[in-house]
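These notes are about the structure you will find just below.
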Amino acid sequence: MPSISLLDLNWAGRPRSIAAILLESDGRHALIDPGPASTLENLRAQLASRGLSIAGLHDVLLTHIHLDHAGATGSLVRENPNLRVYVHRKGAAHLIDPAKLLASAGRLWGPDLPRLFGETLPVPEKNIQLLDGGETLSLGAQKIDVLYTPGHASHHVTYFDPQEGIALAGDTAGIRIENGPYIMPATPPPDIDLALWDDSFDAILDRHPKKLLLTHFGYAENPAEHLGIFRARLHHWAGITERILRSAPDDSTALESFLAETRAEMRQYLSDDAVNQYSFTAGLPLSFLGLARHIRKRDNPAG
Ligand SMILES: [Zn+2]
């Protein structure tokens with residue numbers, strides 16, 4: 001009997017920020033998004049509490065390669081060289097050589113990078129299984145369909161369990177802690193593309209999922225309603241960014257305006273603690289940078 005369980009990685013000491021997903025079927029164990037290297041010991045403890053170990057894992061399925069989802073992968077392979085790592089073709093090079101990814105993350109997160117994400121090790125090419133979307137993976141008795149869902153990242157995939165009707169959506173369906181009252185975009189640089197993202201919502205809805213499972217954090221009920229609200233908010237936030245970029249004298253003023261406006265919006269739905277939790281998990285300033293980059297690129301494709 002296949003089963004899906006959620007492992008709380010307690011990122012930076014904050015529960016319900018990043019989930020790793022454990023799939024078990026016929027004695028085969030797969031992790032979807034093992035999280036950052038900084039939470040490796042929490043992952044190990046979560047596995048141990050289920051009588052499992054890193055050596056006992058078979059597969060790692062990555063929705064995308066951002067450090068909060070995939071940063072631990074190299075460490076896992078070093079400890080278990082038989083692990084098979086599934087990733088979309090467009091993201092694989094940055095797993096094999098994470099130098100560019102780490103340089104980009106370093107520019108975005110600054111001196112907080114090591115504390116938040118730990119040491120990101122490369123993944124040997126021989127462990128990597130490339131995905132394009134459209135595949136069906138057999139993990140024990142469990143079938144998992146791969147949907148290509150770019151928008152948040154150019155190489156983002158969603159894993160769909162057709163038996164349970166669960167879409168493991170990574171960051172494609174936003175941030176919503178345990179089906180809470182607010183769904184927040186996470187739109188970091190460099191890949192944000194709202195047109196592609198809209199198609200990805202359709203790709204997920206085409207499968208008529210019964211539930212979404214979000215990395216940040218947990219199950220979301222009523223996928224059609226969730227994705228409808230989220231799609232509208234994503235475009236709303238792009239509109240806020242566009243307006244601010246037109247009127248602000250410089251980028252740092254623009255960022256301050258964006259943070260003030262989005263946090264005020266969140267406070268209509270969430271407690272102050274929850275606003276901080278959502279903002280921290282998403283890296284709210286990064287969401288401004290990603291949307292600003294998207295808008296400038298869209299308006300000036302040659303530039
Ligand atoms: Zn994420």
Side-chain angles (χ1 to χ4, degrees), residues 6-12 14-21 31-40 42-43 60-73 86-88 90-91 94-95 98 101-102 104-106 108-109 112-113 115-118 120 147 149-159 167-178 180 182-193 196-197 200-201 204 212-220 226-227 230 233-234 237 262 266 276-291 293-294:
L6 199 117
L7 314 181
D8 189 339
L9 297 177
N10 201 31
W11 183 42
R14 292 168 187 250
R16 305 191 303 164
S17 293
I18 300 180
I21 312 298
L31 279 179
I32 299 187
D33 287 357
S38 56
T39 55
L40 190 61
N42 300 345
L43 174 65
V60 171
L61 281 61
L62 300 176
T63 61
H64 64 302
I65 62 166
H66 291 167
L67 297 179
D68 56 326
H69 296 251
T73 309
Y86 294 86
V87 66
H88 190 272
K90 289 186 178 174
H94 301 296
L95 285 183
L101 183 69
L102 290 172
S104 155
L108 295 171
W109 292 96
D112 292 334
L113 186 76
R115 179 177 64 83
L116 291 177
F117 298 106
T120 303
L147 317 178
T149 54
H152 172 86
S154 62
H155 57 276
H156 199 296
V157 298
T158 290
Y159 296 103
L168 301 131
D171 286 345
T172 299
I175 293 178
R176 182 185 194 182
I177 298 171
E178 289 178 337
Y182 187 74
I183 311 167
M184 183 196 202
T187 55
D191 288 345
I192 299 306
D193 187 319
L196 292 177
W197 208 327
S200 296
F201 294 136
I204 293 174
L212 306 171
L213 186 41
L214 313 181
T215 302
H216 319 288
F217 177 99
Y219 285 100
H226 173 109
L227 292 177
F230 180 58
R233 180 154 296 127
L234 190 56
W237 277 32
T262 51
M266 282 186 256
N276 290 335
Q277 166 83 354
Y278 273 73
S279 303
F280 173 78
T281 299
L284 188 56
L286 274 56
S287 285
F288 170 74
L289 298 176
L291 287 170
R293 184 182 160 99
H294 163 62

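Whatever order the structure lists ligands and atoms in, that order sets their numbers, starting from 1.
- Between Ser17 and Leu9, every side-chain heavy-atom pair lies at or beyond the 4.5 Å cut-off.
- For Asp191, the side-chain contact (heavy atoms from CB on, under 4.5 Å) partners two or more places apart in sequence, or in a different chain, are Ala153, Ser154, His155.
- For His88, the ring-ring contact (aromatic ring centres under 6.0 Å, His included) test picks out Tyr148, with sequence neighbours left out.
- Taking both residues in full, the closest heavy atoms of Gly218 and Leu6 are given as CA-CD1, 3.7 Å, listed atom of the first, atom of the second, then distance.
- Protein N, O or S atom count below 2.8 Å of the Zn ion (ligand 1): the structure gives 4.
- Contacts of Phe280 classified as ring-ring contact (aromatic ring centres under 6.0 Å, His included), with partners at least two apart in sequence or in another chain: Trp11.
- Using a distance-only test at 3.5 Å, with no hydrogens or angles considered, no donor-acceptor pair links the side chain of Thr187 to the main chain of Gly290.
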